Amino acid sequence: MKMTSDQKVHSFEEVSKHNQTKDCWLVISGKVYDVTPFMDDHPGGDEVLLSSTGKDATTDFEDVGHSDSAKEMMDKYYIGEIDPASVPLKRKYIPPQQAQYNSDKTPEFVIKILQYLVPLLILGLAFAVRHYTKKEE
């Protein structure tokens, strides 16, 4: 790893803000990497890198079993160290942002009622048609 005199120590909070395709930082083995220029070239796709943002990606990186050349390639993306005191012991789960489907529950109730009533009405109509069109034998 290149160790320069202008080596910077980054807080975990700062690193977690870099979680976009056009601005992506990862923490691997206590080191911070700006992998933004590598997003298009990563063999696993940019989704793999993005899924490792906002956490310590060491396990993700090692589980894949990267080649020695891939590990050497990391040097050019190295931008500093992570401040170990800023890394949370446990990552809290943040559910993905989703638009609320239906905040007003009244129409949802009507839909549920109709799901039962419509088939019953069709069934009743079928019996009525059969009864009135049945030939007398």
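Keep in mind the model is a prediction, meaning the values are calculated, not measured.
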All N/O donor-acceptor pairs, side-chain side in residues 38-49, below 3.5 Å, sequence neighbours left out:
{"from": "His42", "atom 1": "ND1", "to": "Gly44", "atom 2": "N", "distance (Å)": "3.1"}
{"from": "His42", "atom 1": "ND1", "to": "Gly45", "atom 2": "N", "distance (Å)": "3.4"}
{"from": "His42", "atom 1": "ND1", "to": "Gly45", "atom 2": "O", "distance (Å)": "3.3"}

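Partner of Lys55 under the side-chain contact (heavy atoms from CB on, under 4.5 Å) criterion, chosen from Val27, Leu26, Asp60, Val15: Asp60.
Residues passing the side-chain hydrogen bond (donor to acceptor under 3.5 Å, both in side chains) test with Thr59, sequence neighbours excluded: none.
At a threshold of 4.5 Å between side-chain heavy atoms, the hydrophobic network of Ile, Leu, Val, Met, Phe, Trp and Tyr places Val87 and Val9 in two separate groups. By the criterion of side-chain heavy atoms lying less than 4.5 angstrom apart, applied directly or through intervening Ile, Leu, Val, Met, Phe, Trp or Tyr residues, Val35 is not grouped with Val64; the two fall into different hydrophobic clusters.
The heavy-atom pair separating Thr133 from Val129 by the smallest distance is OG1-O, 2.6 Å. The minimum heavy-atom distance linking Gly80 with Tyr78 is given by the pair O-CE1, 3.1 Å. Ile28 and Phe61 make their closest contact through CD1-CD1, 3.9 Å (heavy atoms, listed as atom of the first residue, atom of the second, distance).
For the atom pair CD1 of Ile82 and OG1 of Thr58, the computed distance is 10.0 Å after rounding to the nearest 0.5 Å.
A heavy-atom distance below 4.5 Å is found between the side chains of Ser29 and Glu62. For the pair Thr53/Trp25, no side-chain contact is recorded, criterion being any heavy-atom separation below 4.5 Å from C-beta on. Using a 4.5 Å heavy-atom cutoff, the side chains of Val32 and Lys8 are not in contact.
In this structure, Thr36 contributes its side chain and Cys24 its backbone to a donor-acceptor pair below 3.5 Å. Although no hydrogens or angles enter the test, the distance criterion places no donor-acceptor pair under 3.5 Å between the side chain of Ser52 and the main chain of Ala57. Remark: side-chain polar atoms of Ser86 are paired, donor with acceptor, to backbone N or O of Phe12 under 3.5 angstrom. Judged by distance alone, with hydrogens and angles left aside, the side-chain atoms of His10 form no donor-acceptor pair with the main-chain N or O of Glu81 at under 3.5 Å.
With hydrogens and angles left out, the side-chain atoms of Asp83 and Ser11 include no donor and acceptor closer than 3.5 Å.
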* Given Asn19 and Leu50, is the side chain to side chain contact (heavy atoms under 4.5 Å, CB included) satisfied, shown in steps? -> CA-CA 6 Å; Asn19 59 4; Leu50 288 172; 5.6 Å; no
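Ion pairing between Asp23 and Lys17 fails under the 4.0 Å rule for side-chain N and carboxylate O.
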